[in-house]
Amino acid sequence: MANKDADKDKKAKPHGQAKDHKDHKPPKPESKDKDKEKAKKAKEKEKAAAEAAAPVEPKVEAPREPADPRLKFVKKFRGKFLPRGPLRDRHTALFARWNSGDDHGGVTVDELKSLYVDWRATKLKPTKKKAAV
């Protein structure tokens with residue numbers, strides 16, 4: 001019950017009045033100086049971080065080597081069926097050289113292109129003639 005009476009006394013006082021406490025002291029001017037110093041240090045850290053970020057240049061990677069133009073034609077033959085005959089013989093001979101080593105046996109783009117063009121020509125269907133009306 002004593003607590004309830006104490007609470008009523010606290011509520012009865014107007015909001016603007018406060019008890020005088022021995023512990024209640026106005027803030028010291030030193031704390032303002034400390035706050036200013038902290039603010040200065042924070043600004044200096046921000047500046048240092050900004051300066052550190054600005055001069056760092058992105059690492060430029062060495063430009064890639066251009067792709068081997070022969071690969072364009074080699075990929076077109078992967079998984080494809082060539083019928084028996086001179087085209088298959090040319091294909092097996094070229095790819096035996098291609099798979100022989102790191103330099104691909106000296107296979108040229110022209111050899112692969114001519115084989116591809118000849119192979120595509122055999123796959124074309126003849127055009128139908130239009131009926132005369």
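What's counted below: heavy atoms across the whole structure, side chains too, no hydrogens, waters or symmetry copies.
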Query raised in the report: Which pairs, with at least one residue in residues 89-101 and sequence neighbours excluded, count as a salt bridge (charged side-chain N to carboxylate O under 4.0 Å, His left out)?
Result: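 Checked against salt bridge (charged side-chain N to carboxylate O under 4.0 Å, His left out) - neighbours excluded - the pairs reaching residues 89-101 are Arg90-Asp118, Arg97-Glu111.
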
Report task. Mind checking salt bridge (Lys or Arg N to Asp or Glu O under 4.0 Å) for Arg88 and listing every partner two or more places apart, or none if nothing turns up? Result -> none

Query raised in the report: Looking at Leu82 and Phe77, what are the two nearest heavy atoms and their distance?
Result: CD1-CD2, 4.1 Å

Query - Distance, nearest 0.5 Å, that separates OG1 of Thr92 from CG of Leu87 - result: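 Answer for the OG1-CG pair, Thr92 versus Leu87, is 10.5 Å.
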
**Report entry** Hydrophobic cluster of Phe81, others only, ordered by chain and residue number, side-chain cut-off 4.5 Å
**Finding:** none

Query - Partner residues of His104 under the ring pair (Phe, Tyr, Trp, His ring centres under 6.0 Å) criterion, sequence neighbours left out - result: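 His104 satisfies ring pair (Phe, Tyr, Trp, His ring centres under 6.0 Å) with Trp98 only.
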
Requested in this report: Applying side-chain contact (heavy atoms from CB on, under 4.5 Å), name anything that partners Arg64, two or more places apart in sequence or on another chain.
Outcome: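 Per chain and number, Arg64 pairs via side-chain contact (heavy atoms from CB on, under 4.5 Å) with no residue.
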
Query raised in the report: Phe95 versus Val107: any side-chain heavy-atom pair under 4.5 Å?
Result: no

Query raised in the report: His91 versus Trp119: any side-chain heavy-atom pair under 4.5 Å?
Result: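 Result no, sub-4.5 Å side-chain heavy-atom pair not found.
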
Report task. Please collect all side-chain hydrogen bond (donor to acceptor under 3.5 Å, both in side chains) contacts where either partner lies in residues 67-77, sequence neighbours excluded, each pair once. Result ->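 Applying side-chain hydrogen bond (donor to acceptor under 3.5 Å, both in side chains) to every pair that reaches into residues 67-77, excluding sequence neighbours, yields Asp68-Arg70.
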
